[in-house]
Number of protein chains: 2
Amino acid sequence: MGDKILKIDKLPTVRRLPAYLRLLKVFSSQGIDTVSSGQLAELMGIESILVRKDLELTGISGTPRIGFRISDLIRSIESFLGWATSTDAFLFGVGQLGTALLGYRELGQSGLKIIAAFDTDSDKLNRTFNGVRVFHVDKAPELLSRLNVQLAILTVPPEHAQQVTDLLVMNGIQGIWNYTPVSLEVPEGVTVQKEDLLSGLAVLSVRMSRAVVSQRCEEGS
Amino acid sequence: MGDKILKIDKLPTVRRLPAYLRLLKVFSSQGIDTVSSGQLAELMGIESILVRKDLELTGISGTPRIGFRISDLIRSIESFLGWATSTDAFLFGVGQLGTALLGYRELGQSGLKIIAAFDTDSDKLNRTFNGVRVFHVDKAPELLSRLNVQLAILTVPPEHAQQVTDLLVMNGIQGIWNYTPVSLEVPEGVTVQKEDLLSGLAVLSVRMSRAVVSQRCEEGS
DNA sequence: ATTGAATTGATAATAATATATCGAATAATG
DNA sequence: CATTATTCGATATATTATTATCAATTCAAT
Ligand SMILES: NC(=O)c1ccc[n+]([C@@H]2O[C@H](COP(=O)([O-])OP(=O)(O)OC[C@H]3O[C@@H](n4cnc5c(N)ncnc54)[C@H](O)[C@@H]3O)[C@@H](O)[C@H]2O)c1
Ligand SMILES: NC(=O)c1ccc[n+]([C@@H]2O[C@H](COP(=O)([O-])OP(=O)(O)OC[C@H]3O[C@@H](n4cnc5c(N)ncnc54)[C@H](O)[C@@H]3O)[C@@H](O)[C@H]2O)c1
């Protein structure tokens, strides 16, 4: 029992917002300035009513017969997500996945600016990846507080995940984007978003096996 | 209107299964052989009843007072996901993200074996990454049919995503694990699983901003 | 101006997912 | 062997998410 936390997250909606944003920016770059929920729905592979509900959450309203003004829509979504202004972040673990993320351009357009990276491996130290300098983890506490960084991306090996997390928490981190498969222990007030790539593979796996089954059924009938 | 597709996917459950699997394997490697839904729930940060429902879907049943036999559980989940036997896959686009995935060990334990990779960049060709050889995309059609590969991982630049997809579909691909932000057009029968890393960032962003707000409220009251 | 076609958005209905309750089953204990 | 504490799992409920319906609005064309 206990806490009874009200969840007014609208999580599925929030998850779709970046995809809308990307489409809108494509339209915008093509000089188009309005779009209907039906058009967005088609491109997203969902129902138009769902698009309207989603957009409603960001506080925008469209005009009948026309649709939505793209520039307003972009502003509205970005503002809702807090992506209008850029947030500084540190990345921990400059390995395979870490370097990929350091080179991921679209993060910059999603309000995230990785301003430094940290590792323990001497091969990685003092190098720069895509303009981001790599420091030893020991430097993190000082830099975290000096630069007042509130967000960290965690791409260290699983066995070091909690230890690095503790260090981050101790130095006032507010949010952790966790790519390790570890369920991190953090005090209340610190937000952790865990990404599990394997969950997508799981969905793909069951859908593919189901597709085979239904194909066989059709053949059979 | 139209199709009225019933969704008996239990998608949220399927998404959680890999995380259970990982925990179970840790337990197993520690010589533990039973676990209760409560223990798993605690580690996952969810309710125990939800764990039981999830596990039920894979067709297992536990014993009161004891819990679940871990070896059975692993077998049951792996079999449900189709991860008991390994599936061959090709990877397209040996760039930043592509090489990270080529080096991602845990894929091998999730029933996925990347047996070849493809690129167009001459710098990448004929090299091997983590034991996986890189071929020119032009070789893909022949190898796809010769090796009867049904699953592809797509990590090419967005502007080439559809074109590579068309090539894959033409050569009988059944499933695509799509890391590009493009909503791919595929014929019925081909399964696409799109991964959007930014959707996780979106969730983190709104949660962090909300955390700040609720903190302020508490201070105020 | 009037009509017609297209689209939004309020309301309602349905579906999917998560949580609660509690009897039944089971192994450990005395 | 009876008792007790614990955990499962069937059933019921609550919450959240999606889809449907349709009147109201707006622009464009006549
Ligand atoms: N490779 C992938 O495609 C992939 C995909 C999904 C999740 N992950 C997860 O991401 C994490 C990293 O995976 P990877 O493949 O990049 O591994 P990796 O070994 O290539 O990279 C890990 C890096 O972290 C550094 N490191 C180790 N201890 C550290 C510490 N205490 N502080 C800072 N840095 C430290 C290492 O020196 C290394 O550079 C793992 O938890 C993995 O499960 C990886
Ligand atoms: N870098 C990341 O962390 C990250 C994260 C999420 C999503 N993505 C997405 O993954 C994709 C790849 O990103 P990246 O950062 O690795 O880019 P990248 O440019 O480093 O890699 C792309 C690779 O694809 C190859 N390529 C180009 N055309 C090809 C073709 N027709 N057939 C086969 N290979 C081809 C290129 O030569 C290059 O090696 C992009 O769509 C990006 O949006 C990247």
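A note on names: the letters A, B, ... follow the listed sequences, proteins ahead of strands, and every chain is numbered from 1.
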What's Ile49(B) touching, base or sugar-phosphate or nothing? Going by heavy atoms closer than 4.0 Å.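 If one applies the 4.0 Å heavy-atom cut-off, Ile49(B) turns out to touch a base.
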
Contact class for Ser48(A) vs. all strands (heavy atom < 4.0 Å): base, sugar-phosphate, or nothing? nothing

Is [X] salt-bridged to [Y], going by a charged N under 4.0 Å from an acidic O?
| X | Y | answer |
| --- | --- | --- |
| Lys113(A) | Asp88(A) | no |
| Lys25(A) | Glu78(A) | yes |
| Asp196(A) | Arg22(B) | no |

If the sugar-phosphate is the primed atoms plus P, OP1 and OP2 and the base is the rest, what is the B/S/- string for nucleotides 24-29 of chain C, using protein heavy atoms under 4.0 Å? -BBB--

Assess the residue pair Ser145(A) and Asn171(A) against the criterion (side-chain hydrogen bond (donor to acceptor under 3.5 Å, both in side chains)); give the C-alpha distance rounded to whole Å, side-chain angles, the decisive distance to 0.1 Å, and a yes or no. CA-CA 7 Å; Ser145(A) 59; Asn171(A) 289 279; 5.4 Å; no

Which residues within [range] lie with some heavy atom under 4.0 Å of an atom in DNA chain D?
| range | result |
| --- | --- |
| residues 30-40 of chain A | none |
| residues 17-24 of chain B | none |
| residues 191-199 of chain A | none |

Taking side-chain hydrogen bond (donor to acceptor under 3.5 Å, both in side chains) as the criterion, tell me which of Arg15(A), Lys10(A), Arg16(A) meets it with Asp54(A).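 Only one option passes, and that is Arg16(A).
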
Check: residues 154-169 of chain A side-chain donor-acceptor pairs under 3.5 Å, at least two apart:
from	atom 1	to	atom 2	distance (Å)
Thr155(A)	OG1	Phe92(A)	O	3.0
Thr155(A)	OG1	Gly93(A)	O	2.7
Gln162(A)	OE1	Glu185(A)	N	2.9
Gln162(A)	NE2	Asp166(A)	OD1	2.8
Gln162(A)	NE2	Glu185(A)	O	3.1
Thr165(A)	OG1	Ala161(A)	O	2.7

Which nucleotide, dT8(C), dA17(D), dT19(C), lies nearest any side-chain atom of Glu47(B)?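 Selected nucleotide (nearest to the side chain): dT19(C).
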
Candidates dG9(C), dT19(D), dA12(D) - which lies nearest the side chain of Lys53(A):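 Out of dG9(C), dT19(D), dA12(D), the nucleotide with an atom closest to Lys53(A)'s side chain is dT19(D).
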
Would you tell me if any nitrogen or oxygen in the side chain of Arg52(B) comes within less than 4.0 Å of OP1 or OP2 on dG9(D)?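 Negative; the distance criterion is not met.
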
Is Arg16(A) near enough to dT18(D) that one of its side-chain N or O atoms lies under 4.0 angstrom from OP1 or OP2?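 Indeed, a polar side-chain atom of Arg16(A) lies that close.
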
Working to the nearest 0.5 angstrom, can you tell me the gap between Asn130(A) CG and Ile114(A) CD1?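 Result: 8.5 Å between the selected atoms.
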
If I take atom OG from residue Ser37(B) and atom CD from residue Glu47(B), how far apart are they, to the nearest 0.5 angstrom? 10.5 Å

Paired stems touching DNA chain C, three or more consecutive Watson-Crick or G-U pairs with both distances under 3.5 Å?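 Looking at DNA chain C, the stems formed by three or more consecutive pairs are C:1-30 with D:1-30.
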
Could you tell me if Thr191(B) and Arg207(A) have a donor-acceptor pair between their side chains, going purely by distance under 3.5 Å? no

